[in-house]
4 protein chains.
Amino acid sequence: MVRTETRAAYREAILDAATRVFGRLGFQDAKMADIAAEAGVAAGTVYNYFKNKEEVFRSILQRTHELVYQRILVHQQLADPIERMRASTREAFDFLEEHGALFLLYVSIGGGFDWAQKRIEQALIDENHARYFALSQATLRDAVERGLLRSDLSIERLAVLLSGLTDATIFSWVRTGCPPGLRTQADPLIDFFLHGAKAP
Amino acid sequence: MVRTETRAAYREAILDAATRVFGRLGFQDAKMADIAAEAGVAAGTVYNYFKNKEEVFRSILQRTHELVYQRILVHQQLADPIERMRASTREAFDFLEEHGALFLLYVSIGGGFDWAQKRIEQALIDENHARYFALSQATLRDAVERGLLRSDLSIERLAVLLSGLTDATIFSWVRTGCPPGLRTQADPLIDFFLHGAKAP
Amino acid sequence: MVRTETRAAYREAILDAATRVFGRLGFQDAKMADIAAEAGVAAGTVYNYFKNKEEVFRSILQRTHELVYQRILVHQQLADPIERMRASTREAFDFLEEHGALFLLYVSIGGGFDWAQKRIEQALIDENHARYFALSQATLRDAVERGLLRSDLSIERLAVLLSGLTDATIFSWVRTGCPPGLRTQADPLIDFFLHGAKAP
Amino acid sequence: MVRTETRAAYREAILDAATRVFGRLGFQDAKMADIAAEAGVAAGTVYNYFKNKEEVFRSILQRTHELVYQRILVHQQLADPIERMRASTREAFDFLEEHGALFLLYVSIGGGFDWAQKRIEQALIDENHARYFALSQATLRDAVERGLLRSDLSIERLAVLLSGLTDATIFSWVRTGCPPGLRTQADPLIDFFLHGAKAP
DNA sequence: AATGAATGAGAGTTCATTCAT
DNA sequence: GATGAATGAACTCTCATTCAT
């Protein structure tokens with residue numbers, strides 16, 4: 001029992017370290033030695049927990065995805081689809097603020113374009129992305145059916161545009177050094193999604 | 001004179017080849033040997049034109065940026081800022097359709113998140129990105145001042161959101177295999193930017 | 001006493017396992033983890049019984065040698081040296097058929113040319129080999145002195161040639177998949193040793 | 001043309017070096033760095049000529065085999081099969097004396113039992129071995145048909161026994177430090193093959 | 001004494017860059 | 001200036017051995 005806990009703790013520590021290192025350097029530049037050092041273990045130890053560098057990366061993706069997904073899932077019970085959109089966006093932004101290694105989240109949320117990842121596990125990324133997208137699309141469909149959103153654009157197109165606004169906001173936030181307060185941008189973002197930029 | 005032209009032609013040929021190879025494989029996986037082979041020259045020749053791999057990449061970025069920038073610049077004379085936005089977006093989409101190696105354009109246009117680039121020349125990317133952004137912001141400012149766009153969002157915020165919509169559209173287009181007709185999405189995109197998703 | 005027996009039992013179990021694993025994979029490819037797993041003990045346990053991988057190997061060699069040597073020794077009491085040769089060869093072939101891990105026997109008997117062994121303990125191999133050889137030479141000397149064998153070849157040379165015939169027979173047997181009946185080749189082999197290939 | 005020659009020379013130099021190193025240390029213990037150093041080139045250079053360590057090994061095998069095979073082939077025109085056997089054996093022994101790296105010859109001639117080789121390219125080894133064996137068997141068959149050899153043993157069995165005598169002689173020679181004069185043992189060996197050890 | 005995870009030295013291989021031709 | 005082979009630093013991964021429990 002103790003052993004199992006210790007193993008799990010080691011695993012988590014390595015994933016945490018790897019998350020920091022990948023976030024800092026990207027997949028290619030991150031060396032296994034860096035990850036091991038950051039985790040405070042020997043190089044070989046990492047290989048007792050993960051088959052290779054790719055699996056470390058994949059595991060981070062999966063772990064992060066699961067974490068965010070669960071947190072967003074909670075809000076899907078809200079009756080009003082617009083409220084659901086607002087809550088989900090706030091939740092995602094909250095998560096980003098809490099975790100330094102946003103790069104990974106971004107990636108797991110879907111839009112990432114790092115060629116390294118592409119090579120590694122596009123399938124996994126796509127699958128995770130698809131799960132988020134499915135959630136988003138369900139909400140949008142609900143909204144369209146209730147007459148809350150225009151119906152001349154496909155659900156998928158709406159989802160793409162919404163994620164575009166979200167991603168751009170995140171990028172911009174990262175670019176400006178991750179200042180506190182990202183979550184406050186969630187509601188204006190949804191408002192913009194609804195009403196656009198036209199002067200009233 | 002001939003010599004100069006020959007040199008220039010070699011340089012262009014190498015950049016063309018490198019664009020294709022980087023577009024196909026990404027920065028890390030693209031080997032100098034691949035680029036040389038694609039260009040039909042010997043490996044060493046590349047080094048007669050570029051100091052190293054990074055400079056090849058940087059040069060592509062710069063060249064592409066210049067190309068797109070000039071094409072977009074043409075439309076800045078249009079009196080109506082909304083029309084300017086439409087024309088610029090169409091122009092960017094056209095360029096993407098014409099050139100297979102869209103990845104690079106996208107990247108040079110700005111939102112890219114490839115870690116390789118980050119390492120290499122974020123400064124350059126940012127600078128290029130800033131030039132586009134300046135263009136975009138000038139148009140948006142004009143529109144706001146004419147009362148065509150809401151004034152409760154900062155010009156910069158508007159620019160970020162607009163680029164988000166554009167980028168998401170491009171990503172989605174790439175993801176679906178670059179089907180013909182990207183340019184037809186330019187006007188609906190601007191419409192969405194103006195009016196949002198709300199049902200009328 | 002019990003303790004001692006337990007220790008001995010562990011030791012034997014590990015050697016048995018190691019014999020199988022070395023036989024299957026050779027020295028280099030056999031991993032200590034494989035041996036431990038095959039023996040049903042933890043990796044560390046092996047090191048409670050043997051200093052290192054080489055000692056495990058050496059111990060197998062020694063144990064196997066001892067076993068075979070004792071079995072062959074029994075027949076040395078036979079009065080007729082030719083009969084002694086026949087009986088010894090049969091005994092060796094029997095042993096090979098009984099034990100799957102023939103490779104090791106062969107090796108310990110002497111002619112092996114595995115570079116791994118060479119590196120490890122050529123001295124030991126040579127010593128064991130010398131013991132067999134001494135037995136063989138004693139018999140041959142006896143035969144020569146009794147006028148049963150030609151005396152124009154040195155005893156050592158005769159021993160070398162005899163072992164060559166034996167080894168070739170074993171190799172050929174292994175190469176053809178160790179079909180049953182190796183022992184029946186012992187007598188024809190000795191006959192050939194005596195009379196050669198010439199037509200009568 | 002010069003280039004081609006240079007390339008070939010490099011290739012040969014590396015193979016020569018590798019032959020020495022493999023002969024000295026065996027496959028596993030020979031490091032690519034050792035081979036490169038012995039050849040007086042950089043580590044990477046070896047990889048410009050051979051895909052990997054295994055291919056270096058395989059190439060040596062093939063080259064040596066070809067060399068020896070051609071030399072033995074010359075004597076196949078001799079009318080008397082017994083003379084053919086004598087000449088072939090002498091040729092093989094000559095080759096061994098000329099080349100320090102006998103290990104390889106031995107291996108390529110066939111009886112080798114190095115586990116490393118087994119893993120690597122047993123197929124190739126077997127194929128080469130089969131070529132020698134075919135030669136040997138043809139000669140033996142000829143001799144049997146002419147009534148020169150006993151016909152109660154299969155051709156294959158005769159070939160096995162002959163190679164056993166040869167190998168044992170080589171082993172013994174190597175074991176005693178490769179003293180000059182191996183070739184003088186060829187004729188007595190064939191004599192022994194013909195008449196055996198029985199006193200006349 | 002058994003365990004099994006941590007260790008870390010070491011090897012094969014890649015590839016950007018250099019340089020003699 | 002083009003060539004293309006040589007270079008060698010650097011990185012991932014393996015596994016014999018150690019050691020805390």
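Numbers restart at 1 for each chain; the letters A, B, ... are given by sequence-line order, proteins then strands.
Rounded to whole Å, atom P of F:dA6 lies 13 Å from atom CZ of D:Arg11. Between the CG atom of B:Asp29 and the P atom of E:dT14 there is a distance of 14 Å, given to the nearest Å. Between D:Tyr49 atom OH and F:dG4 atom P there is a gap of 13 Å when expressed in whole angstrom units. Note: CG (D:Asp34) to P (E:dG10) measures 13 Å, nearest angstrom. The CZ atom of A:Arg7 sits 6 Å away from the P atom of E:dA6 (whole-angstrom rounding). Rounded to an integer number of Å, the gap from CD1 of D:Ile14 to C1' of F:dA6 is 10 Å.
Formation of a donor-acceptor pair under 3.5 Å by the A:Lys51 side chain with backbone atoms of A:Asn48 is not found in this model.
With sequence neighbours excluded, the residues that form a side chain to side chain contact (heavy atoms under 4.5 Å, CB included) with A:Asn52 are A:Glu54, A:Glu55. Every side chain to side chain contact (heavy atoms under 4.5 Å, CB included) that D:Tyr47 has, sequence neighbours left out, goes to D:Met32. In terms of the side chain to side chain contact (heavy atoms under 4.5 Å, CB included) criterion, residue partners of A:Asp16 (sequence neighbours excluded) are, by chain and number, A:Arg20, A:Arg63. Remark: C:Glu66 pairs with C:Gln62, C:Gln70, C:Arg131 by the side chain to side chain contact (heavy atoms under 4.5 Å, CB included) rule, at least two apart or across chains.
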Reading nucleotides 7-14 of chain F from 5' to 3' and marking B where a protein heavy atom lies under 4.0 Å of the base, S where only the sugar-phosphate is that close, and - otherwise, the string is BB--SSBB

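Considering only heavy atoms from C-beta on, D:Val46 stays 4.5 Å or farther from D:Lys53 through its side chain. Using a 4.5 Å cut-off on side-chain heavy atoms (C-beta onward), A:Phe50 and A:Leu15 make contact. B:Phe22 is listed as a side-chain neighbour of B:Ile35, based on a closest heavy-atom distance under 4.5 Å.
Nucleic acid contact class of A:Phe50 (heavy atoms, under 4.0 Å, all strands): none.
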Secondary structure of DNA chain E per the Watson-Crick/G-U criterion (both distances under 3.5 Å; [ ] crossing, | other strand, . unpaired) is .||||||||||||||||||||

